[in-house]
Amino acid sequence: MPNSRPRPRRGAGSGAGAAGRDELVSRSLQSAEHCLGAQDFGTAYAHYLLVLSLAPELKDDVKETFQYTLFRWAEELDALSRTQDLLGCYEQALELFPDDEVICNSMGEHLFRMGFRDEAAGYFHKAVKLNPDFNDAKENFYRVANWLVERWHFIMLNDTKRNTIYNAAIQKAVCSGSKSVLDIGAGTGILSMFARKAGARSVYACELSKTMYELARDVVAANKMQEGIKLLHMKSLDIKIPKHIPERVSLVVTETVDAGLFGEGIVESLVHAWEHLLLQPKTKGENGNCEKYGKVIPASAVIFGMAVECAEIRRHHRVGVKDVAGICLPANVKFQSPAYSSVDGEETIEPYTTEKMSRVPGGYLALTECFEIMTVDFNNLQELKSLATKKPDKIGIPVIKEGILDAIVVWFVLHLDDEHSLSTSPSEETCWEQAVYPVHDLADYWIKPGDQVTMEVSCQDCYLRIQSISVYHSECEMEVGKSFTRNKDLLSFGNEAELCSALANLQTSKPGVVEQMCVLESTEIALLNNIPYHEGFKMAMKKVLSSLTPEKLGQAMDTQCQNNEMSCESGPSDPDQSIPEPLYVLDVSEGFSVLPVIAGTLGQVKPYSSVEKDQHRATLDLICEANHFPKDTLEFWLRHVEDESAVLQRPKSDKLWSIIILDVIEPSGLIQQEIMEKAAISRCLLQSGGKIFPQYVLMFGLLVESQTLMEESAVQGAERTLGFNIAPFINQFQVPIRVFLDLSSLPCIPLSEPVELLRLDLMTPYLNTSNREVKVRICKSGQVTAIPFWYHMYLDDEIRLDTSSEASHWKQAAVVLDKPMQVEMGDELVLNIQHHKSNVSITIRQ
């Protein structure tokens, strides 16, 4: 904040009025400075507004202090939930400084926190345009761009086969007489433009997302179709005739389908369309002009499924370990993934996850033939209305290969009409992922030929639900049918199957034992299954704690081991024994973590967990109890911290931490935001000899050629979109970094060996390299399109965790180049790497 006070400069009309103005400006500046000293930011802000309205020539002089005052006053307004006042202050500030990228970015941050993502994106985008080197704004824009224009838009627009088939079906319908068209969920407007080009007289397109609506408006105008296509920024459910469109239409086109077909609300929107927006359908055998009748593209869909074994799905959705680095996971704790817990939950949660099965690490094994789950006719109103109320279908499928039953994988064939169709099968080259329903709660997941997998299938809450998955083992009955059965044929069989399953799952529970359900994200389940991670932390923590109190730690560890082996009936310890001062361990890693429990086994340690959810805390308490921890050994740190944003504090006023565990890498493969700032605070809170884990991180990368990454990051020209000019508009939202990648299964050709790109040292900051140049030698000729990267996390100089390992719960990320770079074997390139907060930028020069 500047100390020097600017002096008002006299204007041309000097006189009594000018002198009075100068006096008022001078006094207001003095008052503003006084208020800042007293931390009265609201009054200081008001004084600066007065100064700048009276003396706009002082803008440059007071800009920096004005920004500081605005930001501090905005923080107070935000804390008081005075949203309108906060937004009003920023609007005033932007009237005074319309081209200030810092104020634009700060306004965007507040809007994003309030949930106004579209509006936030506009301010971030403006800040980047004003200053392309402003890293804070760039990083904010990249993050919000992923929310506003989801990456599948790029993938689908690059899918020439999908575009061609939709275009052909729309062209056929329009040429057959369907001249008035409504495009539901228009996105970029490509289907609307197909219809207009085919000769549709009037085309209406509705899009709920403000960002996508504005993008479609620009795309339609650039393709000179704004006269023939009317864009509506609204849900199709809110469209009324004649308020929004003049009359019922003869054709609805839509692709509001997700990997599970129904998840984007296609059933609800088409029921509404048939009742309020479409002409009546043509009855069977009826002839006549198609313009008088209504129809939908796609006309129908057939949903298929297949039972699979897949270790990657298993480790992300089922806790497969009973012991984590010496910690016993009790039988009365039931871990579940969100996809499974949605079955009984009150909230409507997607009951499946999605995977590109052709790229899943380690592949998969089909345990059954593919089977038909359901058909749906989008041109039959009664069928659509009955979907939500229809009783679940029971299906039984014979097993053809032995293996572990991990999931039911689902895909569909979309019949656009009787001639054109699209398949989302894992065996097809398609832009689509498949829906995955993980299997839980079986006593035995091993199945073999002769067994039968049973399930119930329904469409509830606009989602395809596959529930009550069980196995009818061949031992229960001698004969099992060769083909899958359904409905009435399965009823008698189903009762026996359910009885067998119930008997197999029957467990004797002890009276008084508390059952605890614990819902974990898939990455948290994979972390719990990550044995090297927990063993590595245990060894590293043991080393540090031993160095601080070697004798006491060894004795306490022996006692702990004995306690874990003994039953709970052992008598109390001698109260006269002197209790040594404990060593304090704080785990501030995000999400569910058992590291504090592991720390508690390492002697006279007081571990603190920073988990937030009550369900997670109850689970950790049960784990402590099952491992015979003395009561209150594990504490929950957020109960001791008044301000959760200031979680890094001393354990007690006169104590310091022995170990602080930080989350350095996000599951997505990016560096956590502000990790170096957290490390700096943590270093001040460590006792002598204490450590931050990890102590340092090395980032590695290599150069690759990957057409897949190019297509998932940006639309590759007008040819992919059948000549329509869409790429320049949607590519404004392209993000140079792709996250959640599996490098082991990514279609790519390595063009170099891995190289160290960056060092982040949390214990010794002068060793950091947040900006460096690295030389890379090309070992194979090709086109460099991307630089995938991953990390080696060093808990100490000997114990290392690799985020690209097979057991890792972390994914990898990649910097994708704007344009491919042709290289020859033997070339030497120079990479310039910059790290700012969680954003890594890499530029290449030859």
Side-chain angles (χ1 to χ4, degrees), residues 315 324-325 523-524 526-545 585-596 598-599 610 648 657-683 686 690-702 737 739-744 754-765 767-770 772 787-814 833 835 837-840:
R315 77 185 187 94
V324 180
T523 52
E524 292 174 320
L527 171 57
L528 207 49
N529 283 322
N530 188 343
I531 298 300
Y533 174 91
H534 293 99
E535 293 287 358
F537 264 98
K538 182 176 182 177
M539 285 192 292
M541 289 193 290
K542 182 178 173 182
K543 281 188 193 178
V544 172
L545 298 170
V585 174
L586 174 63
D587 179 7
V588 290
S589 54
E590 294 183 9
F592 185 79
S593 170
V594 296
L595 293 179
I598 294 170
S610 62
L648 290 167
W657 299 102
S658 300
I659 294 173
I660 297 177
I661 300 168
L662 296 179
D663 237 351
V664 179
I665 309 301
E666 296 178 4
S668 66
L670 293 180
I671 298 166
Q672 287 277 7
Q673 283 191 303
E674 298 179 351
I675 187 60
M676 301 316 288
E677 290 84 346
K678 290 176 184 175
I681 297 170
S682 298
R683 286 193 296 274
L686 289 175
K691 299 292 182 188
I692 298 170
F693 286 151
Q695 295 188 37
Y696 61 95
V697 176
L698 300 182
M699 175 180 165
F700 289 86
L702 79 163
I737 292 197
V739 294
F740 286 109
L741 297 174
D742 283 301
L743 190 52
S744 64
V755 292
E756 182 186 319
L757 301 176
L758 204 62
R759 178 185 175 107
L760 300 176
D761 201 306
L762 283 70
M763 285 297 297
T764 318
L767 295 176
N768 283 326
T769 53
S770 59
R772 69 184 296 227
I787 307 159
F789 55 88
W790 63 96
Y791 310 89
H792 289 172
M793 300 201 329
Y794 285 83
L795 306 183
D796 58 31
D797 286 332
E798 296 170 345
I799 301 172
R800 186 192 81 186
L801 302 173
D802 184 348
T803 68
S804 68
S805 73
E806 193 177 314
S808 172
H809 63 283
W810 291 286
K811 299 294 186 183
Q812 294 81 56
I833 302 103
H835 166 237
K837 292 189 177 177
S838 67
N839 186 42
V840 174

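Source: prediction; values computed, not measured.
Across Asp761 and Gln695, no two heavy atoms sit closer than the pair OD1-O, 3.4 Å. Closest heavy-atom contact between Ala679 and Ile692: O-CD1, 3.7 Å. Across Glu524 and Phe592, no two heavy atoms sit closer than the pair OE2-N, 2.9 Å. Counting all heavy atoms, side chain and backbone alike, Leu743 lies closest to Gln812 at N-OE1, 2.9 Å. Of all heavy-atom pairs spanning Pro788 and Ala814, the tightest one is CA-CB, 3.6 Å. For the residue pair Glu535 and Ala325, the shortest heavy atom distance occurs at OE2-CA, 3.7 Å.
Separation of atoms CH2 (Trp790) and CE (Met699) is listed at 9.5 Å; rounding is to 0.5 Å. The CD1 atom of Ile737 lies 10.0 Å from the CD1 atom of Ile787; values are rounded to the nearest 0.5 Å. Between atom CG of residue Leu741 and atom OG of residue Ser668 there is a gap of 9.5 Å, rounded to the nearest 0.5 Å. Here the straight-line distance linking atom CG of Leu757 with atom NE2 of His835 works out to 12.5 Å at 0.5 Å rounding. Between the CD1 atom in Ile598 and the OG atom in Ser593 there is a gap of 7.5 Å [rounded to 0.5 Å]. How far CZ of Arg315 is from CG of Asn530: 7.5 Å, rounded to the nearest 0.5 Å.
For the pair Met763 and Leu686, the minimum side-chain heavy-atom distance is below 4.5 Å. For the pair Met539/Glu798, no side-chain contact is recorded, criterion being any heavy-atom separation below 4.5 Å from C-beta on. Side-chain contact check for Ser682 versus Leu662: some heavy-atom pair is nearer than 4.5 Å. Between Phe740 and Lys811, some side-chain heavy-atom pair lies under the 4.5 Å cut-off. Side-chain contact between Phe693 and Val544 is present, with heavy atoms from C-beta onward closer than 4.5 Å. Side-chain contact between Met676 and Leu760 is present, with at least one heavy-atom pair separated by less than 4.5 Å. Side-chain contact check for Met793 versus Val697: some heavy-atom pair is nearer than 4.5 Å. At least one side-chain heavy atom of Ile665 sits less than 4.5 Å from a side-chain heavy atom of Ile671.
If you check the side chains of Asp802 and Ser804, you find a donor sitting under 3.5 Å from an acceptor.
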Test log, rule side-chain contact (heavy atoms from CB on, under 4.5 Å), inputs Leu795 and Lys543: CA-CA 10 Å; Leu795 306 183; Lys543 281 188 193 178; over 6 Å; no

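Within the 3.5 Å criterion, the main-chain N or O of Ile833 finds no donor-acceptor partner in the side chain of Arg772. Ser658 places no side-chain N or O within 3.5 Å of a backbone atom of Val585 that could act as its donor or acceptor partner.
Using the six-membered ring where Trp is involved, Phe537 and Tyr533 have ring planes that are tilted, between 30° and 60° apart. By the 30° and 60° cut-offs, the orientation of the rings of His792 relative to Phe700 is tilted.
More than 12 heavy-atom neighbours from other residues, nucleotides or ligands sit within 6.0 angstrom of CD on Glu756.
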